[in-house]
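All ligand and atom numbering here is 1-based and tracks the order in the structure.
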Amino acid sequence: MQTLNLKTEPTHPDPSVCARAGELLRAGKLVAIPTETVYGLAGSALDENAVRAIFAAKGRPQDNPLIVHLAAPDWLPRYAAEIPDAAHQLVDAFWPGPLTIVLPKREMLASAVSAGLSTVGFRCPSHPVAQAVIEAAGIPLAAPSANRSGSPSPTTAAHVLADLDGRIDAIVDAGTCAVGVESTVVALHGNVPHILRPGGITPAQLKAVLGAVEIDPAVLEGLSDHAKAASPGMKYKHYAPKAKVIILKGTLDTFIDYTRAHTANGTFALCFDGEQTRIGLPCVTYGKADDSAAQARELFAALRAVDEQGAQVVYARCPAETDMGLAVYNRLLRAAGFSVIKLY
Ligand code: TXA
Ligand code: MG
């Protein structure tokens, strides 16, 4: 299959591009679209075959549910069977934006979207092109990140094409994604709202609206084989380059000492901006040490870059776990398959 390449400005969506993408999506085709977080691989959330095709194109495990994207917050009651007060508060505070809310779903959504669960994650993206494409399609869109399952999420059209060229009908290219890590996923059942996946909206932002929030243990720990995942996506190895990634927890000085003693051919450092001059290894950087928003923007591209440059083993500097840093650390932990060495 030839993947049609449609280009538009990010802030002024080209109406003919959005109309074409909308038509394809209504016809059950797959179109990669930009969002403020990462590129998504969109298909009609009302069409069982389109949803199955998304799983097939990505090579995604069948039990990992997809997020349903809406053009505007007022679409939510059409597709969610129940909307508790807390969900209304979150919608008012953060939609459109990088927050996914897990709610009971209505029947018309394709059952494959939720992989057999009775709930579905809803999100209303703030990217003008995403909004315009969903509006043009006139239907909710199921859209996981537009990467092959397991590899780093795509923040540019080139990343999408590297994974999916020839496997999807079209891509809408609107440049680089602004946030760089996926949306925060929140579940509201139970007494206290749960963060199932940290992302573009921070725990502190959620607490300011909801009072208390809990962070699901799976965010920072590997799940044992038989543990049941609240968010099935947390079970799988994710975001991983081909190179082996090892996180070194400690200062820049201890990082330098450790890597000096453990260098072989193909050993790289994934470090913060400005540290390259002190580290005696080929380096790929991902933002300044004290800027978690920049780390979020750059991490996935950096994980792709280490493979392009032929790295075999990558020692990674550890991000702070506060604010957006929690999402950055969560993604890096998965890219590393939870391999962390404490240098203290
Ligand atoms: O920012 C984003 O959320 C991007 C863009 C494209 O919108 N999408 C994205 O989708 O990251 P995906 O499929 O790669 O991640 C969906 C996550 C998974 O961890 C999945 O397990 C969780 O959301 N999820 C989806 N539906 C769920 C549900 N009903 N209950 C619990 N977790 C759910
Ligand atoms: Mg993904």
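For the pair Lys58 and ligand 1, the shortest N or O to N or O distance does not fall below 3.5 Å. Taking any N or O of Asn64, backbone or side chain, at least one lies under 3.5 Å from an N or O belonging to ligand 1.
Side-chain contact annotation: Thr176 with Thr155, donor-acceptor N/O pair under 3.5 Å absent. A donor atom on one side chain and an acceptor atom on the other are not found under 3.5 Å apart for Thr267 and Gln312. No hydrogens or angles considered: a donor-acceptor pair under 3.5 Å links the side chains of Asp163 and Ser151. For the residue pair Asn147 and Ser145, a side-chain donor N or O sits within less than 3.5 Å of a side-chain acceptor on the partner.
Heavy-atom separations between His69 and ligand 1 include at least one value shorter than 4.0 Å. Distances from ligand 1 to the non-hydrogen atoms of Ser114 include no value under 4.0 Å. Ligand 1 lies within reach of Arg60, whose nearest heavy atom is under 4.0 Å from it.
Against a heavy-atom cut-off of under 4.0 Å, Leu196 is close to the following atoms of ligand 1: 31 (C), 32 (N). Listed by atom number, the atoms of ligand 1 under 4.0 Å from Ala143 heavy atoms are 6 (C), 8 (N), 10 (O). Within the listing of ligand 1, atoms 26 (N) sit less than 4.0 angstrom from a heavy atom of Gly121. Taking every non-hydrogen atom of Gly40 and a distance limit under 4.0 Å, the qualifying atoms of ligand 1 come out as 6 (C). For ligand 1, the atoms sitting less than 4.0 Å from at least one non-hydrogen atom of Leu117 are 28 (C), 29 (N), 30 (N), numbered in the order shown with element in parentheses. If you number the atoms of ligand 1 from 1 as listed, the ones under 4.0 Å from a heavy atom of Ser145 come out as 8 (N), 9 (C), 10 (O), 12 (P), 14 (O).
Not less than 6.0 angstrom separates the ring centroid of Phe255 from the ring centroid of Tyr315.
Dense packing is recorded around NE2 of His88, with more than 12 heavy atoms of other residues, nucleotides or ligands lying under 6.0 Å away.
Just one residue in the list Gln131, Arg123, Glu182 forms a side-chain hydrogen bond (donor to acceptor under 3.5 Å, both in side chains) with Thr35, and that residue is Arg123.
For atom 10 (O) of ligand 1, the nearest non-hydrogen atom from the set Ser118, Pro144, Ala142 belongs to Pro144.
At a threshold of 2.8 Å, the Mg ion (ligand 2) has a backbone or side-chain N, O or S atom of Ser145 nearer than that distance.
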